[in-house]
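Computed from a prediction, not measured in an experiment: that's the story for all the values here. One-based numbering, in listed order, for ligands and for the atoms of each. Reckoned from all heavy atoms, side chains included, excluding hydrogens, waters and symmetry mates.
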Amino acid sequence: MRYPKLRELKEAVISLLTPAYTTRFPAVDHVPFENFRGKPVVDEENCVGCETCANVCPPNAITFTDDTEKRVRIMRRDYGKCIFCGQCQEHCITGKGVKLSDKIFDIAGTDRSVVVEYQEKELLICKNCGAVITTREHIEFLHRKLGPKAFSSVLNLNVLNDRLKLADDSDTEVEIKDGLKRKDMFNILCPNCLRLVLVKYL
Ligand code: SF4
Ligand code: SF4
């Protein structure tokens, strides 16, 4: 019984004379170590609104809502739920859409709403059936990534036409009636409607 008490006393004296292992944050600024996983920071220029990060986020901190009336995809990132796992960064299709900061880590507070961020991206919607295809930035990213191979997809022809204005507005905005026509391929049609056009006319 005597020895353990002396050992504890020794430990207490050592603890008193050595500096604390923990940092003195917030009294003293904390400098995180290299590759520290802090708050995810979105790069609006390089995020195309593709939904991939929402699909891999374990606690569902990232959610998407498509507003087909306003033609926008609203992305909601709730850092109150974030576990800083880095999956969103790891799986981002552009590789630069979101990165975990090694500087921003102090996001604790009493108001949960201040740690919720929103983004909006323009949606591409099929003019025939109204189905959501994806965001405009997403399809343009795929177009750039594929290079000339992109033109093997009719969907990319739509985007190219949209950008280069190969056909004038009256051609691109033809009203789609009951029977889909080949000219309708220059509208933004979803893969299902395109298939109907191709089966019928090609
Ligand atoms: S995966 Fe990347 S590009 Fe896609 S929505 Fe997430 S951050 Fe944006
Ligand atoms: S770091 Fe993990 S938990 Fe946080 S938003 Fe990204 S995927 Fe979700």
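In terms of protein heavy atoms, atom 2 (Fe) of ligand 2 is closest to Cys85 SG, 2.3 Å. Atom 8 (Fe) of ligand 2 has as its closest protein heavy atom Cys57 SG, 2.4 Å.
With ligand atoms numbered from 1 in the order given, ligand 2 contributes 1 (S), 2 (Fe) to contacts under 4.0 Å with heavy atoms of Gly86. Interface of Ile83 with ligand 2, defined as ligand atoms under 4.0 Å from a residue heavy atom, comprises 3 (S), 4 (Fe). Those atoms of ligand 2 that come under 4.0 Å of a heavy atom in Cys82, given as number and element, are 1 (S), 3 (S), 4 (Fe), 5 (S). Which parts of ligand 2 touch Phe84 is read off a 4.0 Å heavy-atom cut-off, strictly below it: atoms 1 (S), 4 (Fe). Of all the atoms in ligand 1, the ones that sit under 4.0 Å from a non-hydrogen atom of Gly49 are 5 (S), 8 (Fe). Set against the non-hydrogen atoms of Pro59, the atoms of ligand 2 under 4.0 Å away are 3 (S).
In Tyr79, neither the side chain nor the backbone holds a heavy atom less than 4.0 Å from any atom of ligand 2. At a heavy-atom distance under 4.0 Å, only backbone atoms of Glu51 (N, CA, C or O) approach ligand 1.
Gln119 and Arg76 share no side-chain donor-acceptor pair at under 3.5 Å.
Linking ILVMFWY side-chain heavy atoms closer than 4.5 Å, directly or via other members, places Val42 and Ile74 in two distinct hydrophobic clusters. In this structure, Val98 is a member of the same hydrophobic cluster as Val41, with clusters built from ILVMFWY side-chain heavy atoms closer than 4.5 Å. At a threshold of 4.5 Å between side-chain heavy atoms, the hydrophobic network of Ile, Leu, Val, Met, Phe, Trp and Tyr places Ile62 and Ile104 in two separate groups.
The nearest non-hydrogen atom to atom 7 (S) of ligand 1, considering only Gln89, Arg77, Gln119, comes from Arg77.
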Full working for side chain to side chain contact (heavy atoms under 4.5 Å, CB included) between Tyr79 and Glu117: CA-CA 8 Å; Tyr79 296 116; Glu117 291 176 4; 3.5 Å; yes
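Listed by chain and number, the protein atoms of type N/O/S under 2.8 Å from atom 2 (Fe) of ligand 1 are Cys92 SG; waters are omitted.
The ring pair (Phe, Tyr, Trp, His ring centres under 6.0 Å) test applied to Tyr21 returns no partner, not counting sequence neighbours.
Proximity of the aromatic rings of Phe105 and Phe25 is defined here by a centroid distance below 6.0 angstrom, and this criterion is met.
The side chain to side chain donor-acceptor pair (under 3.5 Å) test with Arg73 is passed by exactly one of Asp67, Thr68, Asp66, Thr135: Asp66.
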